[in-house]
> 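Below is one structure. I have some questions about it.
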Amino acid sequence: MREPFDVYSDQSYVQVSPYGAAILLKLTGISTSELGDRAPSIEVGTVRLSVEHLKTLVFAIKRQVKELEDRMNMRVMVPNAVLEKLKIAREDWEDFWRR
C-alpha cells in the first residue's frame with residue numbers, strides 16, 4: 001500500500017468512465033526563464049475511486065462549502081474567467097449553488 005500524501009494543488013482534472021473515476025492533482029510549474037516560457041505542470045497525485053464514491057464526495061463537499069458560507073455569512077466567489085475556461089455558464093453555476 002502506498003504512503004498517504006498531503007499536498008497543495010492548484011490544478012485538477014477529473015476523468016469519469018462507467019468503470020470508475022480518477023482525480024489528477026497538479027501544481028503549476030514555475031519558469032525561471034526570462035523569456036516567459038511556460039514550465040510544465042508537476043503531477044502531485046492521482047486519486048482513483050468509483051463513480052458512486054465520486055458522486056457521494058461531490059455531494060459532501062458541496063454541503064460543507066454551503067455550511068461554511070452560511071456560518072461565516074459570506075460567499076466564495078469564482079471569477080467569470082475561471083467559469084469560462086471550464087465552459088460553465090454563470091447561470092448554471094448559480095443554479096448549482098442555490099440548491
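No experiment lies behind these values; they were computed from the predicted model shown.
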> Assess the residue pair L27 and S9 against the criterion (side-chain contact (heavy atoms from CB on, under 4.5 Å)); give the C-alpha distance rounded to whole Å, side-chain angles, the decisive distance to 0.1 Å, and a yes or no.
CA-CA 5 Å; L27 188 60; S9 169; 5.9 Å; no
> Return yes when atom CZ of F59 has more than 12 non-hydrogen atoms of other residues, nucleotides or ligands closer than 6.0 Å, and no otherwise.
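No, because the 6.0 Å sphere around CZ of F59 holds 12 heavy atoms or fewer from other groups.
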> Is it the case that the side chain of E69 and the backbone of V76 share a donor-acceptor pair, with hydrogens and angles ignored and the cut-off at 3.5 Å?
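Yes, E69 side chain to V76 backbone: donor-acceptor pair under 3.5 Å.
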> List the steps, then state whether side-chain contact (heavy atoms from CB on, under 4.5 Å) holds for Y13 with I23.
CA-CA 6 Å; Y13 301 89; I23 303 170; over 6 Å; no
> Kindly determine whether K26 and I42 satisfy side-chain contact (heavy atoms from CB on, under 4.5 Å), including the steps that lead there.
CA-CA 5 Å; K26 289 188 163 195; I42 302 158; over 6 Å; no
> Assess the residue pair K66 and D70 against the criterion (salt bridge (charged side-chain N to carboxylate O under 4.0 Å, His left out)); give the C-alpha distance rounded to whole Å, side-chain angles, the decisive distance to 0.1 Å, and a yes or no.
CA-CA 6 Å; K66 297 270 298 165; D70 292 345; 5.6 Å; no
> Check L25 against S12 and note the closest heavy-atom contact, atom names and distance.
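What the structure gives for the nearest pair is CD2-CB, 4.0 Å.
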> For residues 81-91, tabulate all N or O donor-acceptor pairs below 3.5 Å that involve a side-chain atom, not counting sequence neighbours.
from : atom 1 : to  : atom 2 : distance (Å)
R90  : NE     : N80 : OD1    : 2.9
R90  : NH1    : E94 : OE2    : 3.2
R90  : NH2    : V78 : O      : 2.8
R90  : NH2    : N80 : OD1    : 2.6

> Would you indicate whether K62, at its atom NZ, is surrounded by more than 12 heavy atoms from other residues, nucleotides or ligands within a distance under 6.0 Å?
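For K62, atom NZ is crowded (more than 12 foreign heavy atoms under 6.0 Å).
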> How many angstroms lie between atom CZ of R71 and atom CD of Q64, to the nearest 0.5 angstrom?
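With rounding to 0.5 Å, CZ (R71) is 9.0 Å from CD (Q64).
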> Please name the pair of heavy atoms, one in A39 and one in G29, separated by the smallest distance, quoted to 0.1 Å.
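Heavy atoms of A39 and G29 come nearest at CB-C, 3.7 Å.
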> Is the shortest heavy-atom distance from the side chain of V14 to the side chain of L24 under 4.5 Å?
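No, too far: nothing below the 4.5 Å cut-off.
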> Count I, L, V, M, F, W, Y as connected when their side-chain heavy atoms are under 4.5 Å apart, and connections chain through other members. Are Y8 and F5 then in the same cluster?
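Looking at the clustering, F5 is in the same group as Y8.
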> Listing request: all ring pair (Phe, Tyr, Trp, His ring centres under 6.0 Å) pairs with a residue in residues 64-99, at least two apart in sequence or in separate chains.
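Those involving residues 64-99 are W93-W97.
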> Answer yes or no: is there a side-chain heavy-atom contact under 4.5 Å between L57 and L49?
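When only atoms from C-beta onward are counted, L49 and L57 do touch, with a gap below 4.5 Å.
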> Can V65 be reached from M74 by stepping across I, L, V, M, F, W or Y side chains whose heavy atoms are under 4.5 Å apart?
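No, separate clusters.
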> Would you say I30 ends up clustered with V7 if hydrophobic residues are merged whenever their side chains have heavy atoms under 4.5 Å apart, either directly or through other cluster members?
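V7 does not cluster with I30.
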